K.L.:
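Could you have a look at this structure, given as structure tokens, before my questions?
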Amino acid sequence: MRASWWQAIGVVAVCSAILGGCAFLAERPGQESKETADKAKADAQAMELEIASLIPDDVVASVDQKPDGTLFSCDEARHHWAGSTTVVLVSEADATEVVKQLESDVRDEGRFSVESWVDVTDTYSVQLTLPGSVENYIFSEGEPHTIRIASGSEYFTLPEGVYQGGTF
């Protein structure tokens, strides 16, 4: 039951972050996209892996990055790409402690705005946002002994004729 609650909370958190980014964009009309869809996706995936690489090797069993994600529309022209990476921990690792240490390391680095919370399933979650950007990352315990890193890319404008549904 915990996994289904976590998944529901994760979806709500990622959607809130993405839609929150769209609200941020709405306050800056007329700003043109400098990102392509492929670059936005590649940048978000690279950051997912960079965040995963901060977890000590001795507690990581494997890292699984989903090759595809989903496009979210912010308005008629702008979109976000959302994806995720899952870090499977060794059975001895305490996922909450790993998340808290990861939060501390990222906070000390100072590159991101960092927010954390405990959700209704008692799962500790952390959101990273690049200042002045809609790009964001949320990580927390997923299934037992896993850390899920969800991402929302910088905004971009899709080229004409690109289907915005399905996976991307």
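Keep in mind it's a predicted model, so treat the numbers as computed, not measured.
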K.L.:
For Ala93 versus His145, what's the shortest heavy-atom pair and its separation?
P.N.:
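Distance-wise, the nearest heavy atoms are O-ND1, 3.6 Å.
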K.L.:
If you count heavy atoms of other groups shown closer than 6.0 angstrom to CD of Glu115, is the number above 12?
P.N.:
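No, not enclosed.
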K.L.:
Set out, in order, the CA-CA distance, both residues' side-chain angles and the distance that settles side-chain contact (heavy atoms from CB on, under 4.5 Å) for Asp108 and Ser104, then state yes or no.
P.N.:
CA-CA 6 Å; Asp108 289 347; Ser104 176; 3.8 Å; yes
K.L.:
So which heavy atom on Val134 is nearest to which on Ser153, and how close?
P.N.:
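In this case the closest contact between Val134 and Ser153 is CG2-O, 3.9 Å.
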K.L.:
Trp81 vs Ser151, test: side-chain contact (heavy atoms from CB on, under 4.5 Å). Steps then yes/no.
P.N.:
CA-CA 8 Å; Trp81 179 85; Ser151 65; 3.5 Å; yes
K.L.:
Any side-chain heavy-atom pair from Asp94 and Val59 closer than 4.5 angstrom?
P.N.:
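SC-SC contact between Asp94 and Val59 ruled out.
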K.L.:
Begin from the C-alpha positions of Leu130 and Asn136 and carry the test side-chain contact (heavy atoms from CB on, under 4.5 Å) through to its verdict.
P.N.:
CA-CA 6 Å; Leu130 284 170; Asn136 65 84; over 6 Å; no
K.L.:
Search all heavy atoms of Thr146 against all heavy atoms of Glu143 and return the closest pair with its distance.
P.N.:
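In this case the closest contact between Thr146 and Glu143 is OG1-O, 2.6 Å.
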K.L.:
Yes or no on side chain to side chain donor-acceptor pair (under 3.5 Å) for Glu154 and Ser133, after CA distance, side-chain angles and deciding distance?
P.N.:
CA-CA 7 Å; Glu154 182 61 85; Ser133 173; 2.7 Å; yes
K.L.:
Which of these passes side-chain hydrogen bond (donor to acceptor under 3.5 Å, both in side chains) with Glu103: Lys100, Arg107, Gln101?
P.N.:
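Only match with Glu103 under side-chain hydrogen bond (donor to acceptor under 3.5 Å, both in side chains): Arg107.
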K.L.:
Determine whether Asp38 and Thr36 satisfy the following criterion, side chain to side chain donor-acceptor pair (under 3.5 Å), listing intermediate values before the conclusion.
P.N.:
CA-CA 5 Å; Asp38 290 337; Thr36 66; 5.6 Å; no
K.L.:
Tabulate below the donor-acceptor pairs under 3.5 Å that side-chain atoms of residues 64-72 make, not counting sequence neighbours, or state none.
P.N.:
| residue | atom | partner | partner atom | Å |
| --- | --- | --- | --- | --- |
| Gln65 | NE2 | Gln45 | O | 2.8 |
| Gln65 | NE2 | Glu48 | OE1 | 3.0 |
| Gln65 | NE2 | Thr85 | OG1 | 3.3 |

K.L.:
If you measure from OG on Ser84 to CD1 on Ile138, what distance do you get to the nearest 0.5 Å?
P.N.:
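The CD1 atom of Ile138 is 11.5 Å from OG of Ser84, to the nearest 0.5 Å.
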K.L.:
For a quick test of reading the model, state the closest non-hydrogen atom pair linking Phe139 to Ile149 and the distance between them.
P.N.:
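Between these two residues, the closest heavy atoms are CB-CG1, 3.9 Å.
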K.L.:
Is the cationic atom of Lys41 (NZ for Lys, CZ for Arg) positioned less than 6.0 Å from the six-membered ring centroid of Phe168 and within 45 degrees of its normal?
P.N.:
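Judged by the rule (NZ or CZ under 6.0 Å from the ring centre, within 45° of its axis), Lys41 counts as positioned above Phe168.
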K.L.:
Test side chain to side chain donor-acceptor pair (under 3.5 Å) on Tyr124 and Ser140 and set out the steps.
P.N.:
CA-CA 6 Å; Tyr124 192 83; Ser140 61; over 6 Å; no
K.L.:
Can you tell me if His79 uses its side chain to pair, donor with acceptor, with the backbone of Thr157 under 3.5 Å?
P.N.:
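No; zero donor-acceptor contacts below 3.5 Å.
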K.L.:
Taking only residues two or more places apart in sequence or in another chain, which ones pass salt bridge (charged side-chain N to carboxylate O under 4.0 Å, His left out) with Asp58?
P.N.:
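Testing Asp58 for salt bridge (charged side-chain N to carboxylate O under 4.0 Å, His left out), a comparison that skips the adjacent residues, returns none.
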K.L.:
Treating Ile, Leu, Val, Met, Phe, Trp and Tyr as nodes and any side-chain heavy-atom pair under 4.5 angstrom as an edge, say whether Val63 and Val88 lie in one connected cluster.
P.N.:
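No, it is not one cluster - the side chains of Val63 and Val88 are not joined through contacts under 4.5 Å.
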K.L.:
Set out, in order, the CA-CA distance, both residues' side-chain angles and the distance that settles side-chain contact (heavy atoms from CB on, under 4.5 Å) for Ile147 and Leu89, then state yes or no.
P.N.:
CA-CA 8 Å; Ile147 305 294; Leu89 305 175; 3.9 Å; yes
K.L.:
Can you measure from OG (Ser73) to OH (Tyr155) and round to the nearest 0.5 angstrom?
P.N.:
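Output value for this atom pair is 14.5 Å.
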K.L.:
Taking all non-hydrogen atoms of both residues, which atom of Met47 and which atom of Phe112 are closest, and how far apart?
P.N.:
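Minimum heavy-atom separation between Met47 and Phe112: SD-CZ, 3.8 Å.
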K.L.:
Atom CD of Glu50 and atom CG of Asp43: how far apart are they, to the nearest 0.5 Å?
P.N.:
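Result: 11.0 Å between the selected atoms.
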